[in-house]
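Naming convention: chains lettered A, B, ... in sequence-line order (proteins, then strands); numbering from 1 in each chain.
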Number of protein chains: 2
Amino acid sequence: MGIVERRERLKKQVRSDIIKTAREIAREDGWQAVSIRKIADVIEYSPPILYEYFESKDKLLETIRAEGFTFLREEFERIKNLYRNAEKQLAEVAQSIWNFAMSQPEVFQVMFNLEGAYCQSKQVYVQEMNILGNPVWEMIAFLRPKAGEMVTKTYYEWWCLTFGFISITITTQPHYALRHAEPVYMEGVRRFIRSIK
Amino acid sequence: MGIVERRERLKKQVRSDIIKTAREIAREDGWQAVSIRKIADVIEYSPPILYEYFESKDKLLETIRAEGFTFLREEFERIKNLYRNAEKQLAEVAQSIWNFAMSQPEVFQVMFNLEGAYCQSKQVYVQEMNILGNPVWEMIAFLRPKAGEMVTKTYYEWWCLTFGFISITITTQPHYALRHAEPVYMEGVRRFIRSIK
DNA sequence: ATGCTTTCCAAACGGTGTTAGGTATTAATT
DNA sequence: AATTAATACCTAACACCGTTTGGAAAGCAT
């Protein structure tokens with residue numbers, strides 16, 4: 001039955017088109033400008049069709065948010081396998097978060113509800129704070145072999161330092177100041193790594 | 001002419017009622033739930049009246065944001081005059097930011113465009129990054145008497161660390177975890193202070 | 001009493017997320 | 001081949017949103 005498969009493929013295509021279009025509009029004009037009708041216009045369907053792919057606008061944003069965290073998680077795994085030194089690993093992780101936030105700011109915004117992006121579901125955070133099989137948690141544990149609870153605390157500090165620094169930078173700094181902020185960010189991260197070693 | 005004065009007073013009263021109502025709704029149901037019509041309902045005026053007090057919804061949020069920064073600035077000045085030790089001063093500043101964010105979360109949200117709050121104007125940030133007569137900048141300069149540019153860099157790190165940590169905490173952590181996060185925040189701040197001393 | 005200013009609001013414009021209901025088109029069954 | 005079932009899709013509507021227009025009352029000065 002090639003017909004059913006073709007339809008499956010088309011469904012997947014439309015779904016990813018919706019996500020792509022939402023991100024494009026957000027990137028261009030901010031998340032405030034993203035509306036179901038505008039997305040529908042671009043993908044050349046009527047607005048109700050979108051609800052066959054996403055239960056609500058909130059669920060669409062949740063999907064984009066989850067994709068962002070998945071992308072980062074894969075980056076962290078890659079880095080963990082690439083370097084032996086935990087200090088080097090963490091510095092690379094910090095750098096990869098920065099690069100991600102600068103190259104896909106609209107995703108970073110929806111990941112942390114910044115700049116008008118708003119997704120209610122906090123489920124992804126719980127998942128991401130989980131320490132089981134968490135590459136960054138393991139890097140910190142390796143760097144400073146202490147009690148697990150201590151590591152978890154340091155991991156939370158790391159989480160807030162990296163994502164927080166970038167969040168505030170994106171929100172408060174003008175576009176041209178961003179490249180200026182990068183070395184300050186990396187320096188702060190390195191100081192943090194040294195101070196917990 | 002007491003009539004004119006009375007009218008002035010009434011104007012001021014209505015204006016502050018608008019702000020108060022906006023904050024109440026935001027506190028109760030989030031900034032997404034704040035609408036001109038709802039505010040108008042509460043203050044018992046029609047929606048267009050609001051535009052005699054604020055040019056737009058954005059300007060209303062800008063006012064609330066500015067009030068938040070002003071409140072904090074005054075706290076910082078108070079602390080600067082209260083303690084001699086720069087390290088102690090900074091710890092107190094960090095604590096006062098935390099207390100502020102927890103007691104007036106809706107203001108903190110609009111200050112950094114968190115959780116659906118959205119105010120376009122970034123003017124307040126420029127003003128707040130200005131180092132002239134900036135109490136926190138001076139504390140850092142006193143703690144580590146280096147070149148001014150170095151201090152400014154450290155000040156920016158401080159800015160991102162404190163506000164960033166709290167932003168991410170507010171956004172990602174459930175309500176009950178907040179008091180758990182406070183000591184982690186304060187510890188991180190103290191570590192930062194030690195590491196730059 | 002007249003004109004002028006201030007105060008205020010109903011109604012509308014073009015947008016939003018979302019849903020109900022219905023129409024074609026396609027597929028399956030008799 | 002005709003009929004039924006299912007799928008695909010859209011128009012229109014609902015209840016909101018920020019904002020503007022135009023005009024009606026009310027208070028004041030002449």
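- Between A:N134 and A:E138, the side chains place no donor N or O within less than 3.5 Å of an acceptor N or O (distance only, hydrogens not considered).
- With values rounded to the nearest 0.5 angstrom, B:E62 atom CD is found 7.5 Å from B:R65 atom CZ.
- The nearest whole Å value for the distance from the OH atom in A:Y53 to the P atom in D:dC10 is 10 Å.
- For the ring pair (Phe, Tyr, Trp, His ring centres under 6.0 Å) criterion with B:F165, the lone passing option out of B:W158, B:W98, B:Y185 is B:Y185.
- Donor-acceptor pairing under 3.5 Å is lacking for the side chains of B:E77 and B:N81.
- Look at CD on A:Q32: it is 12 Å from P on C:dT16, rounded to the nearest Å.
- The rotation axes computed at either terminus of the helix from C:dG3-D:dC28 to C:dT30-D:dA1 lie 30° apart, taking five pairs at each end and rounding to 10 degrees.
- Per the geometry, CD1 belonging to A:I39 stands 11 Å off C1' belonging to C:dG17, to the nearest Å.
- Applying the side chain to side chain contact (heavy atoms under 4.5 Å, CB included) test to A:A86 and every residue at least two apart in sequence or in another chain returns A:Q89, A:F142, A:L143.
- Here OG of A:S167 is found 10.0 Å from CG of A:N113. Values are rounded to the nearest 0.5 Å.
- Using a 4.5 Å heavy-atom cutoff, the side chains of B:E187 and A:K153 are in contact.
- Atoms CG (B:L50) and C1' (C:dA10) sit 15 Å apart, rounded to a whole Å.
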Open item on the list: How would you summarise protein contacts on nucleotides 18-27 of chain D per nucleotide, using B for base, S for sugar-phosphate only and - for none, with heavy-atom distances below 4.0 Å?
Closed with: BBB-------
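- Atom OG in A:S56 sits 11.5 Å away from atom CG in A:L50 (nearest 0.5 Å).
- If you take CD1 of A:I18 and C1' of D:dC9, they are 14 Å apart, rounded to a whole angstrom.
- Ionic pairing of A:E128 and A:R73 is present here: one or more N-O contacts between side-chain nitrogen and carboxylate oxygen are shorter than 4.0 angstrom.
- As a whole-Å value, the separation of B:Y45 OH from C:dA10 P is 14 Å.
- A straight line from CD of A:E44 to P of D:dC9 spans 13 Å, rounded to a whole angstrom.
- Between the CG atom of A:D41 and the P atom of C:dG17 there is a distance of 12 Å, rounded to whole Å.
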